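Please read these numbers as outputs of a predicted model, since none were measured by experiment.
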Amino acid sequence: MATVAFIGLGVMGYPMAGHLKSRGGHDVTVFNRSGEKAKKWAQQFGGAYAATPGEAAKDKDFVFSCVGNDDDLRAVTIGENGAFQSMKKGAIFVDNTTASAEVARELDAEARERGIHFLDAPVSGGQAGAENGALTVMVGGEQDVFDKAKPVIESFAKMVGLMGPAGAGQLTKMINQICIAGLVQGLAEGIHFGKQAGLDIEKVIEVISKGAAGSWQMENRHKTMNAGKYDFGFAVDWMRKDLGICLAEANRNNAKLPVTALVDQFYKDVQIMGGNRWDTSSLLARLEKK
């Protein structure tokens, strides 16, 4: 059993922290900007809660975070009452936020100066993956640090892989989002085309999902897309944040992402339609707008 802190109890962090306690059997203390949510988590899972990130992280073996963006991450690590100020020497900070590779490298360097360790470890699998403890975790950092943290991370994951040095986890998550963007747009266009052609979409998907066109998105989202329901997972606002990170990194490394840039604008159209909190499959709603 390890002593663990978890910072950020959103739709992902709340169940992830829960698995660290219930499945992993670790001693877990949580922090959330909304203290009531932290108190609720502690009551539900039998852990403890703290008033600040620094208080939560004090003397812990591992400190996890899952917050909104680069600025939020800096605030809970190196900001006032941040976790880095109170972490003991040799402790490991595992960041599950989807953020930039730049901030991952920055915090890795800061952690080294303080005698602690940092892993950027963004996740994929959405809210369902977090609730089921079946996330995929892409990690950047040193091998020996990863080896120590992996058994703890596995409390909420089905796959944990070291991608390379600091920032490599975030870069891998960018690839994940780039691939998803194109897949969802292709699926939306396919369903739209099928409807316009008067085909039975269920029959179509039953057949083509068993061939080269098959994907997780097709298997898990086609029914709700066909029904015009878009409240099943990762929100458009979050996807636009992620694609913005991808496009900014592409600008730095001279990668060409024409489809990703186009789909990002399609998601902007969905936001204009009022679909900020719809899930990413709502690209179909844009095509079906009259």
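- D120 meets the side chain to side chain donor-acceptor pair (under 3.5 Å) test with no other residue; sequence neighbours excluded.
- In this model, no donor atom of one side chain and acceptor atom of the other lie less than 3.5 Å apart for Q85 and N81.
- Distance check, rounded to the nearest 0.5 Å: CH2 of W278 to CE of M273 gives 4.5 Å.
- Applying the ring-ring contact (aromatic ring centres under 6.0 Å, His included) definition to pairs two or more places apart or across chains, those involving residues 98-126 are F93-F118.
- For K195, the side chain to side chain donor-acceptor pair (under 3.5 Å) test picks out E288, with sequence neighbours left out.
- Note on L243: it does not cluster hydrophobically with V103, by side-chain heavy-atom contacts below 4.5 Å among ILVMFWY residues.
- In terms of hydrophobic clustering, with Ile, Leu, Val, Met, Phe, Trp and Tyr side chains grouped at heavy-atom distances under 4.5 Å, V4 and V63 are assigned to different clusters.
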Only distances under 3.5 Å count here; give the side-chain donor-acceptor pairs of residues 127-139 to other protein atoms, sequence neighbours excluded, each with its distance to 0.1 Å.
unit_1, atom_1, unit_2, atom_2, d
Q127, NE2, E131, OE2, 3.0
N132, ND2, A128, O, 3.1

Less than 3.5 Å apart, which donor and acceptor atoms pair up between the side chains of residues 171-182 and the rest of the protein, not counting sequence neighbours?
unit_1, atom_1, unit_2, atom_2, d
T172, OG1, A168, O, 2.8
K173, NZ, T98, OG1, 2.6
K173, NZ, V123, O, 2.8
N176, ND2, S124, OG, 3.2
Q177, NE2, D242, OD2, 2.8

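- With respect to the salt-bridge test (charged N to carboxylate O, under 4.0 angstrom), the residues R252 and E249 qualify.
- By the 6.0 Å contact criterion, NZ on K210 is enclosed, its count of non-hydrogen atoms from other residues, nucleotides or ligands being greater than 12.
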Could you list the donor-acceptor pairs under 3.5 angstrom formed between side-chain atoms of residues 36-51 and any protein atom two or more places apart in sequence or on another chain?
unit_1, atom_1, unit_2, atom_2, d
K37, NZ, L9, O, 2.8
W41, NE1, Y14, O, 3.2
Q44, OE1, Y14, OH, 2.7

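- The minimum heavy-atom distance between N32 and G10, with the atom names listed, is OD1-N, 4.5 Å.
- Applying the salt bridge (Lys or Arg N to Asp or Glu O under 4.0 Å) test to residues at least two apart or on different chains, the pairs with a partner in residues 261-277 are R240-D264, D269-R286.
- Summarising the geometry, atom CG belonging to L283 is positioned 12.5 Å from atom CZ belonging to R221; distances are rounded to the nearest 0.5 Å.
- Pairs engaging residues 228-238 under the salt bridge (Lys or Arg N to Asp or Glu O under 4.0 Å) rule: none recorded [sequence neighbours left out].
- Residue Q196 holds its CD atom at 12.5 Å from CD of E189, rounded to the nearest 0.5 Å.
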Requested in this report: Please report the C-alpha distance between S282 and V236 in whole Å, then the side-chain angles of each, then the deciding distance to 0.1 Å, and finally whether the side chain to side chain contact (heavy atoms under 4.5 Å, CB included) criterion is met.
Outcome: CA-CA 8 Å; S282 58; V236 167; 3.4 Å; yes

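- A distance of 9.0 Å separates CE in M16 from CD1 in I153, rounded to the nearest 0.5 Å.
- No single ILVMFWY cluster, assembled from side-chain heavy atoms under 4.5 Å apart, contains both F232 and V184.
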Could you go through V263 and Y267, starting from their C-alpha distance and side-chain angles, then the distance that decides it, and tell me whether this counts as side chain to side chain contact (heavy atoms under 4.5 Å, CB included)?
CA-CA 6 Å; V263 175; Y267 279 125; 3.6 Å; yes

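- A pairwise comparison of heavy atoms in P122 and G169 identifies CG-O, 3.3 Å as the closest pair.
- Separating the CG atom in L183 from the CD atom in Q217 is a distance of 6.5 Å, to the nearest 0.5 Å.
- Listed by first and then second residue, the salt bridge (Lys or Arg N to Asp or Glu O under 4.0 Å) pairs that reach into residues 59-85 are R33-D72, D61-K88, D71-R74, R74-E106, sequence neighbours excluded.
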Review point. Do K58 and T29 pass the side chain to side chain contact (heavy atoms under 4.5 Å, CB included) test, and can you show the C-alpha distance, the side-chain angles, and the key distance before you say yes or no?
Key: CA-CA 10 Å; K58 184 176 176 58; T29 299; over 6 Å; no

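- Under the 3.5 Å distance criterion, the side-chain polar atoms of Y230 are left unmatched by any main-chain donor or acceptor of S281.
- Side-chain contact between C66 and F6 is present, with heavy atoms from C-beta onward closer than 4.5 Å.
- The CZ atom of F84 sits 5.0 Å away from atom OG1 of T77, with the distance rounded to the nearest 0.5 Å.
- Within the structure, every pair that satisfies the ring-ring contact (aromatic ring centres under 6.0 Å, His included) test and touches residues 141-179, not counting sequence neighbours, is listed here: F64-F156.
- Put simply, V76 and I116 are part of the same group of oily side chains (I, L, V, M, F, W, Y) that touch within less than 4.5 Å, one to the next.
- In the hydrophobic clustering of ILVMFWY residues, with side-chain heavy atoms under 4.5 Å counting as a link, L257 and F266 come out apart.
- Residues M239 and F234 form a side-chain contact, since some pair of their non-hydrogen atoms from C-beta on lies under 4.5 Å apart.
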Can I get a per-line list of side-chain donor-acceptor pairs under 3.5 Å for residues 198-208, giving both atom names and the distance, sequence neighbours left out?
unit_1, atom_1, unit_2, atom_2, d
D200, OD1, E202, N, 3.0
D200, OD1, K203, N, 3.2
E202, OE1, H222, NE2, 3.3
E202, OE1, K223, NZ, 3.0

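- Pairs of residues two or more places apart, or lying in two chains, never qualify as salt bridge (Lys or Arg N to Asp or Glu O under 4.0 Å) while including a residue from residues 14-28.
- The backbone N or O of V67 sits less than 3.5 Å from a side-chain atom of T97, completing a donor-acceptor pair.
- Smallest separation of non-hydrogen atoms from R112 and E142: NH2-OE2, 3.0 Å.
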